[in-house]
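Only one structure is covered here, and it is reproduced in the block below.
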Amino acid sequence: MSQQKIPAAPPCTLFLFGANGDLVKRLLTPALYNLSRDGLLDRNLRIVGVDHNAATAEAFAERLHGFMADRDKGEGATKCLDDKVWAKLAKRLDYQTGDFLDPATYEALAKRIAKTTHGNAIFYLATSPRFFPEVAQRLGDAGLLDESAGGFRRVVVEKPFGTDLASAEALNARLLKVMSERQIYRIDHYLGKETVQNILVSRFSNGLFESFWNNHYIDHVQITAAETVGVETRGAFYDNTGALRDMVPNHLFQLLAMVAMEPPAAFGADAVRGEKAKVIGAIRPWSAKMALKNSVRGQYSAGKQGRKRVPGYREEGNVATDSQTETYVALKVMIDNWRWAGVPFYLRTGKRMSVRDTEIAICFKPAPYAQFRESELERPKPNYLKIQIQPNEGMWFDLQAKRPGPELVMENVELGFAYKDFFKMTPATGYETLIYDCLTGDQTLFQRADNIENGWRAVQPFLDAWANESEVHAYPAGEDGPEAGNELLTRDKREWHSLG
Ligand code: BG6
């Protein structure tokens, strides 16, 4: 969404399944609040929470208000809760008590689709993933996905979308039995981030980039999502999931696709998603032996995060004391197409690392040594283009420059663009854009079935190889993963770009 005046989205009844869950509390409510404050919701938009706990609309609104107020008191709080803005949002809120598996729930929902919304409805599945196919099936059985009367009917599916290739394919098949691809909005919240969307704009609106964006000039690409948090309260989910499933086929592959895709013929949903599916589909499927060679798993042990002592992963709540689940993963993948032939993509993500930093570092081939043969200089260092997704949003080129003085000494300098220097960045969750796009029917930032399945196809060899043979290297909390993660690059005579 740009800063210029954009119209309010069409009227709609937005059903939030899993209304009492974490996602509604932490992200969807603040996002809806921001959209309402910015005048981007139609006056007739209604929001209906759906969950099994009995509650009234007033009690539901009161709870959400409590979450927003607590959020304002929290660490790094932005003090954004305005009572007038809240009052307007609260008026839109309603609540339906109901069991997700009971057909009676869906009969009740049908009655709640407001006449003033022209029959438009969005069903947002912010539930545990086991309910995704069940709710979709019941929505279909109840006729709630039928658009023949004119109103749109859309279903938003949260992550995780499957746990491997087979389960993702099965889930797609079940959804597509009761609705069309046009009605499905598979969310990856990374696509709601301004800096992620900006990768496409930067690449395809500046002719400059295309001239060196290929294997003639780029040596390799690094994609890192480093977090300082541990598993927090999500031990039970995380212990069955691990860093690979949690972050790679979705978030990291979306970043990879943004960097590596071909220019789409248009900026429409089909063209953009078609190019993404192609590039993710071009990731070479490793043999079991190569999957082991090209992956490193790590798990944090007790350590220090800043000054604070933090427990190891196996001491976290709801985590098995002998857990072999990885909280860090580093991978090397190759993209088999003409643009990227021979250019490795190194991916890493981990919890409890030294800093929070999501970045893409594009490493260019170094200048030839011969240039400086007569001087004392070492071989020039490679140039990097760093695209920082968060927290310090921007793009920076690392260049070598001559340090002023009588000697010929090179030093690293930066040529950069920081968002905060050019744009007013209002705090946002990233879900604002995604909800607005869903309301307006723009699927560009949502994953199509083939994007998701191609992602799982590329990670499946790692899952299979690890199931038979797997080593999980310990790393102390507060450090950047295990030594083996560094060796993945040093054996190729490369190194990770330093974080932060
Ligand atoms: C979620 C993962 O999808 O993304 C979490 O389940 C992770 O484990 C989070 O912490 C990271 O998102 P962000 O926006 O903080 O980078």
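Owing to the predicted nature of the structure, the values given are computational and were not obtained by experimental measurement. Every number for a ligand or one of its atoms is a count from 1 in the order of the listing.
- For Trp466, there are no ring pair (Phe, Tyr, Trp, His ring centres under 6.0 Å) partners two or more places apart in sequence or in a different chain.
- The nearest protein atom to atom 8 (O) of ligand 1, hydrogens excluded, is given as Asp246 OD2, 2.6 Å; this is a heavy-atom distance.
- Ring geometry, Trp213 versus Phe209: the interplanar angle exceeds 60°, so the pair is classed perpendicular (tilted spans 30 to 60°).
- Less than 4.0 angstrom separates some heavy atom of Lys193 from each of these atoms of ligand 1: 13 (P), 14 (O), 16 (O).
- Close approach of ligand 1 to Lys351 (heavy-atom distance below 4.0 Å) involves ligand atoms 5 (C), 7 (C), 8 (O), 10 (O).
- Residue-level proximity to ligand 1 for Glu158 is absent, since no heavy atom of it falls below 4.0 angstrom.
- Any N or O atom pair closer than 3.5 Å counts here, and Tyr238 shares no such pair with ligand 1.
- Of the candidates Gln390, Lys159, Glu227, the one placing a heavy atom closest to atom 9 (C) of ligand 1 is Glu227.
- Geometrically, Lys193 engages Tyr190 in a cation-pi contact, judged by NZ or CZ lying under 6.0 Å from the ring centre and within 45° of the ring axis.
- Ring geometry for Phe17 versus Phe100: interplanar angle of 30 to 60°, hence tilted.
- From the protein, the heavy atom lying nearest to atom 15 (O) of ligand 1 is Arg356 NH2, 3.7 Å.
- Closest to atom 12 (O) of ligand 1, if we only count protein heavy atoms, is His189 NE2, 3.1 Å.
- Side-chain atoms of Ser202 and Asn198 include a donor-acceptor pair closer than 3.5 Å.
- The cationic atom of Lys25 (NZ for Lys, CZ for Arg) lies less than 6.0 Å from the six-membered ring centre of Phe67 and within 45° of the ring axis.
- The six-membered or imidazole ring of Phe417 lies away from that of Trp396, with a centre-to-centre distance of 6.0 Å or more.
- Below 4.0 Å from some heavy atom of His251 lie the following atoms of ligand 1, by number and element: 1 (C), 3 (O), 4 (O).
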